[in-house]
Amino acid sequence: MIEERRRRDRFLDLHNDDLLWANMIRSHQDLLMLDRNVVNDEVLFDLLKMGILDWESPSERLNQTTQAMRHATALSMRMLAKHLNLEAKVCPAFVQSSHELTVY
């Protein structure tokens, strides 16, 4: 029940910056639980990780604005979830991940 609420929570009580941060927490949890073999795209994983995490080291920091990256990453995670769920419906044997991504 709590897990379902977490998946569907739109965070309507939060301001935009906090909303993006809450979605990054949810996206990071989903990314950690996702079977990399199902997605089979290490570049995609690296790009998503780049947009989710706050980088402390100056050598890892990006010049782009954090909010724009978080917004794009949140959208990408949702699109990935929808894509994988559709693949599972078309070919259930292909997608054998034990973790269902957050889809609205």
Side-chain angles (χ1 to χ4, degrees):
M1 179 81 167
I2 293 173
E3 182 68 18
E4 183 63 26
R5 181 186 176 276
R6 183 193 77 84
R7 291 181 182 285
R8 304 246 181 250
D9 192 349
R10 293 176 54 205
F11 304 114
L12 296 175
D13 55 332
L14 301 179
H15 295 285
N16 287 344
D17 287 346
D18 296 330
L19 172 79
L20 284 173
W21 181 241
N23 275 289
M24 287 304 95
I25 293 169
R26 183 168 38 201
S27 294
H28 188 246
Q29 291 169 339
D30 285 340
L31 191 66
L32 291 174
M33 296 171 125
L34 188 63
D35 182 355
R36 288 176 175 250
N37 294 322
V38 171
V39 178
N40 195 24
D41 188 339
E42 290 299 316
V43 174
L44 178 61
F45 272 95
D46 290 344
L47 290 170
L48 290 169
K49 182 179 163 189
M50 186 184 303
I52 290 172
L53 301 176
D54 280 340
W55 300 99
E56 299 296 327
S57 169
S59 64
E60 294 176 329
R61 234 178 257 144
L62 298 171
N63 292 328
Q64 296 86 340
T65 63
T66 302
Q67 296 308 81
M69 284 180 38
R70 285 188 178 146
H71 183 256
T73 302
L75 288 171
S76 298
M77 284 298 293
R78 300 181 88 55
M79 291 172 64
L80 176 62
K82 288 180 181 288
H83 174 79
L84 291 176
N85 288 334
L86 284 173
E87 277 188 354
K89 289 179 182 177
V90 173
C91 185
F94 175 73
V95 180
Q96 298 177 357
S97 177
S98 62
H99 176 69
E100 181 181 325
L101 291 178
T102 305
V103 180
Y104 292 92

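Just the heavy atoms: all of them, side chains too, but no hydrogens, waters or symmetry mates, feed the values below. When a residue number appears, it is its place in the shown sequence, counting from 1. Because the structure is a prediction, the values reported are computed rather than measured.
Between Ser27 and Leu48, the closest side-chain pair of non-hydrogen atoms is not below 4.5 Å. Contact check for Phe11 versus Asp18: no side-chain heavy atoms found under the 4.5 Å cut-off. Counting heavy atoms from C-beta outward, Thr73 and Met24 have side chains that approach closer than 4.5 Å. Looking at Phe45 and Leu34, their side chains come closer than 4.5 Å, going by heavy atoms from C-beta outward.
The backbone N or O of Asp9 lies less than 3.5 Å from a partner atom in the side chain of Arg26, making a donor-acceptor pair.
Both Val43 and Met69 sit in one connected hydrophobic cluster of ILVMFWY residues. Membership requires side-chain heavy atoms under 4.5 Å apart, directly or through other members. Both Leu84 and Leu44 belong to a single network of hydrophobic side chains, linked directly or stepwise wherever heavy atoms of I, L, V, M, F, W or Y lie under 4.5 Å apart.
The structure places CD1 of Ile52 at 11.5 Å from CE of Met50, a figure rounded to the nearest 0.5 Å. Between the CG atom in Asp41 and the CG atom in Leu80 there is a gap of 9.5 Å [rounded to 0.5 Å]. Between Leu32 atom CG and Lys49 atom NZ the span is 9.5 Å, to the nearest 0.5 Å.
Among all heavy-atom pairs drawn from Met77 and Leu31, the shortest one is CE-N, 4.0 Å.
Heavy-atom contacts from other residues, nucleotides or ligands closer than 6.0 Å to CG of Asp46 number more than 12.
Among residues two or more places apart in sequence or in another chain, the side chain to side chain donor-acceptor pair (under 3.5 Å) test is passed with His28 by none.
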Exercise for the section: Would you sort out whether Leu20 and His71 count as a side chain to side chain contact (heavy atoms under 4.5 Å, CB included), showing the intermediate values? Expected result: CA-CA 7 Å; Leu20 284 173; His71 183 256; 4.2 Å; yes
